[in-house]
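Working notes, structure below.
Side chains are part of it too, since the values below use all heavy atoms of this structure and drop only hydrogens, waters and symmetry mates. Below, chain A is the first sequence line, B the second, and so on; all start at residue 1.
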Amino acid sequence: MPKMYDTPLLDELEKGPWPSFVKEIKKCAAKNDMAADELGLLEKSYKTKIGYWKHGGIVGVRGYGGGVIGRYCSIPEEFPGVAHFHTVRINQPSAWFYTTDALRTICDIWDKYGSGLTNFHGSTGDMILLGTRTEALEDIFAELSSRGWDLGGSGSAMRTPSCCVGPARCEWANIDTLELCYQLTQEFQDELHRPAWPYKFKIKIAGCACDCVAAIARADCSIIGTWKGDIKINQDEVRNYVKNGFDIQKWVIDMCPTECMSWDGSTLTIDNANCNRCMHCISKMTKALKPGDEKGATICIGSKAPIVVGALLSWVIVPFIKVEKPYDEIKDLVRKMTEWWDENGKPRERIGEVIERVGMRSFLEYIGVPPQPQQVKEPRRDPFWFFTEEDIEKIKAKEAEEKKTGVYKF
Amino acid sequence: MDTETIKNKIFEILEKAKGKKKLKEKDVIRIASEELNVEKDDVKKVLRDLIEEGKLCYSYTGGASSVEIPSEEYLREKGMIK
């Protein structure tokens with residue numbers, strides 16, 4: 001029978017209308033020593049306002065450098081159940097589709113070897129199994145592997161790629177996010193399991209600019225579905241929306257970020273050349289508006305949360321790329337991006353930070369993408385375009401030619 | 001160059017760095033390749049074999065990973081030695 005602790009402070013968090021993590025830990029604690037001590041340790045932390053966890057070190061399964069995050073309690077003599085309390089990350093299937101049977105299998109393994117506590121899902125997207133001992137890791141890995149599961153990424157590695165539900169459940173998906181996510185996961189297995197880079201590298205794939213996986217804010221490489229050409233308008237459906245009380249001016253026209261739409265009382269007009277494909281109008285009038293037919297993706301680079309330096313949002317690198325099997329173009333691009341970063345990055349420096357330090361020019365030259373207007377993030381403020389000696393020679397030669405001939409080229 | 005020489009060099013590099021500097025996989029490959037004048041891919045292959053065998057392992061501090069020689073205590077915890 002696990003040791004039971006008095007937890008007056010944690011008990012407060014069971015009150016109220018919402019599901020409580022305390023309630024769930026207590027359920028586990030009734031049958032598991034690790035979960036019981038986890039509860040006791042947390043109550044002590046609440047009382048003393050001190051954290052008692054240490055993390056990192058050499059913890060993993062043989063051959064892998066990621067997937068297990070070592071966690072130890074700093075007062076194991078008081079809470080022996082959580083002396084080791086390692087986290088195991090499991091590579092989730094694309095868009096987090098599981099059968100109930102698969103989930104039962106995972107839970108059975110975790111009840112057998114771990115605390116029984118889980119997080120569904122971690123912010124990278126993996127299934128997170130909370131709390132196990134070092135000596136159980138190889139057995140957990142063997143059991144998971146034999147049932148077709150694999151560990152996710154951690155440390156200075158490619159993190160488990162993740163994607164939105166895409167065409168499996170969403171009419172707005174411009175690309176097959178699930179297949180692309182699966183193929184990238186397979187392609188970068190070595191990078192995922194054997195951390196060799198300066199720091200983490202995340203890939204997230206969203207089917208459209210609604211960006212349900214928040215790729216633009218969280219992924220070093222954000223792949224976001226988009227289209228070329230005009231938004232398809234069904235004017236009859238637009239009029240139906242208005243007839244049924246939809247305030248098109250207030251909710252769509254006035255909220256268009258590029259002000260490229262107008263409504264004259266009977267017809268909706270879109271200046272497609274100025275549309276930035278944000279999806280706002282399409283998501284507000286799903287029956288009336290649809291993306292254009294030529295589908296693909298925009299690839300952005302560099303977003304991250306504030307760890308070493310401040311938070312960054314992703315930056316457009318490739319405005320439009322076709323997303324077609326076997327996705328060689330995208331795989332090659334990701335490889336080139338990571339090679340450049342690996343060559344130039346300092347320890348714990350994310351790719352977005354290296355671009356800010358070294359310069360966008362060097363990055364674009366290495367990955368072989370030409371400079372394009374869509375890459376300008378902040379007009380008149382981007383300090384990343386530097387002239388080389390070679391450029392200056394070319395400019396001087398052009399000016400001399402113009403002076404000599406009297407013909408000016410713009 | 002024979003595998004044993006590369007293995008010994010890798011251990012020598014890691015022993016030297018022990019307690020002073022955390023070396024990434026890439027650092028070990030670069031140093032060994034330069035000192036032995038062999039291709040980086042050859043060093044990488046030997047390094048990976050050592051990791052597969054459990055003679056070396058990845059370590060993790062503050063989000064950054066490095067390669068280390070595992071301690072006896074760790075090998076005992078893992079049940080790899082008695």
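Only the side chain of A:Arg348 comes within contact range of chain B, with at least one heavy atom under 4.5 Å from a heavy atom of that chain. Heavy atoms closer than 4.5 Å to chain B are found in the side chain of A:Asp190, but not in its backbone. For B:Glu68, the part lying near chain A is the side chain, with the backbone staying farther off; criterion is any non-hydrogen pair under 4.5 Å. Contact annotation for A:Arg133: neither backbone nor side-chain heavy atoms come within less than 4.5 Å of a heavy atom of chain B. Only the side chain of B:Lys44 comes within less than 4.5 Å of a heavy atom in chain A; its backbone stays farther off.
Between the side chains of A:Glu143 and A:Tyr113, a donor-acceptor pair is found at a separation under 3.5 Å.
Chain B forms more heavy-atom pairs under 4.5 Å with one residue of A:Pro195, A:Gly65, A:Ala157 than with any other, namely A:Pro195. Contact count against chain A (heavy-atom pairs under 4.5 Å) is highest for B:Arg48 among B:Glu25, B:Arg48, B:Lys24. Per-residue heavy-atom pair counts under 4.5 Å with chain B were compared for A:Ala136, A:Gly66, A:Gly63, A:Pro347, and the maximum is reached by A:Gly63.
Side chain of A:Ser45 to backbone of A:Ile50: a donor-acceptor contact under 3.5 angstrom is found. Judged purely by atom type and a 3.5 angstrom limit, B:Lys55 has no side-chain atom pairing as donor or acceptor with the backbone of B:Phe11.
Here A:His84 and A:Tyr72 bring their ring centres to under 6.0 angstrom of each other. Ring centroid separation for the pair A:Phe201 and A:Trp341 comes in under the 6.0 Å cut-off.
Within 6.0 Å of CG on B:Asn37 lie no more than 12 heavy atoms contributed by other residues, nucleotides or ligands.
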